[in-house]
Amino acid sequence: MQYDSEGTLRHLYAIEELQQHTVEELFSLADEMQTSRHLKSLTGHTLCNAFFEASTRTVCSFELAAKKLGIDVINFISSTSSEKKGETLTDTLQTLSAMGFDAITIRHSFEGTAKKMAECLDGRTTIINAGDGCNEHPTQALLDAYTIRQHKPDFATLSIAIVGDIIHSRVARSLILILKLLGAQDIRLIGPKNLLPTPEQYPNVILDTSIDAGLQGVDVAVMLRIQHERMEQSVSSEFKDNFQPFELTPSRTKLLKKDAIIMHPGPINRNIEIASSVADSNQSVILEQVRNGVLLRMAVLHKLLAK
Ligand code: NCD
């Protein structure tokens with residue numbers, strides 16, 4: 001369990017198991033992280049970033065966040081690890097835990113890895129999910145929701161569109177869960193039919209195969225990359241050279257509300273899911289998301305490790 005029997009957050013592996021009051025608390029902590037109050041407050045603690053998949057933003061911002069708090073960080077790169085010598089993931093993580101790390105962030109292509117590891121390490125080490133397959137990416141959802149809240153604090157009145165490769169996106173899944181937790185009513189998932197979930201997977205969410213219809217009057221547009229590495233070859237080749245029907249072009253931005261914000265978790269593929277000029281426009285908050293990622297990860301580490 002993410003929470004212990006006293007209701008204290010011990011791990012972070014899923015937005016699905018996070019309570020609303022914890023989200024609000026993490027947002028307040030992230031606000032505080034903009035001041036110098038907590039700098040070096042976790043000196044003496046240790047963190048291992050165990051990444052078995054590529055990462056730029058997530059791994060660097062966990063490292064920066066930890067260092068700002070005074071935590072010693074070691075980055076474990078799977079391509080140079082004993083996984084290549086036949087060691088199982090469980091044995092690798094048990095080895096890291098035995099070294100005495102206070103926390104391990106883990107990114108892996110298998111769904112449920114973080115939760116499974118938290119259970120098998122028997123509570124000795126705090127586990128933070130940095131992305132598990134197509135399942136969840138909780139710190140990304142926290143930073144996305146925090147960024148939305150800075151611009152548009154009343155989630156209940158917002159229309160939010162998430163566009164692109166929804167079914168392979170752990171970012172989309174965690175974001176939908178956190179938006180619902182915060183009271184959003186109008187969430188629209190837009191993409192080609194074979195990249196959209198079924199209505200049963202996400203009740204009370206609008207599914208649309210037309211970007212022009214779906215983007216009408218939204219406050220927030222979240223664009224997603226096509227995650228070729230997570231899909232079958234036949235589906236991947238279908239979208240290899242043509243994603244124009246779902247690209248956020250300058251003319252399509254006129255469908256959004258005038259003060260709408262445009263988001264993307266990164267890495268962006270310019271002129272595929274988002275026109276280069278749109279990614280760099282005044283409406284784009286993509287780099288704000290990155291900046292907020294450091295604050296939110298500081299908040300998460302503080303919440304989990306500070307006594
Ligand atoms: C995302 C991820 O890894 O899930 N990137 C990120 O963490 N910002 C999205 C993606 O890979 O497209």
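Quick caveat: nothing in here was measured; it's all calculated off a predicted structure. As the structure lists them, so they are numbered: ligands from 1, and atoms in each ligand from 1.
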Pair [X] + [Y]: basic N to acidic O under 4.0 Å:
| X | Y | answer |
| --- | --- | --- |
| R225 | D165 | no |
| D186 | R188 | yes |
| K115 | E136 | no |
| D132 | R173 | no |
| D259 | K152 | yes |

May I ask you to identify the nearest protein heavy atom to [atom], giving residue, atom name and distance to one decimal place in Å?
| atom | answer |
| --- | --- |
| atom 5 (N) of ligand 1 | G266 O, 3.0 Å |
| atom 3 (O) of ligand 1 | R170 NH2, 2.9 Å |
| atom 8 (N) of ligand 1 | P265 O, 3.0 Å |
| atom 7 (O) of ligand 1 | H137 NE2, 2.8 Å |
| atom 11 (O) of ligand 1 | R225 NH2, 2.8 Å |

Checking T8 side chain against D4 main chain: does a donor-acceptor pair fall under 3.5 Å? no

Taking the cut-offs as 6.0 angstrom to the six-membered ring centre and 45 degrees off its axis, would you call R297 and F62 a cation-pi pair? yes

May I ask you to check if ligand 1 and R107 share an N or O to N or O distance below 3.5 Å? yes

Subset of ligand 1 atoms that lie under 4.0 Å from at least one heavy atom of T58: 6 (C), 7 (O)

Could you tell me which atoms of ligand 1, counted from 1 in the order shown, lie closer than 4.0 angstrom to a heavy atom of V171? 1 (C), 4 (O), 9 (C)

Is the contact between Q140 and ligand 1 made by the side chain, the backbone, both, or neither, using heavy atoms and a 4.0 Å cut-off? side chain

Mind checking whether E53 has a heavy atom under 4.0 Å from ligand 1? no

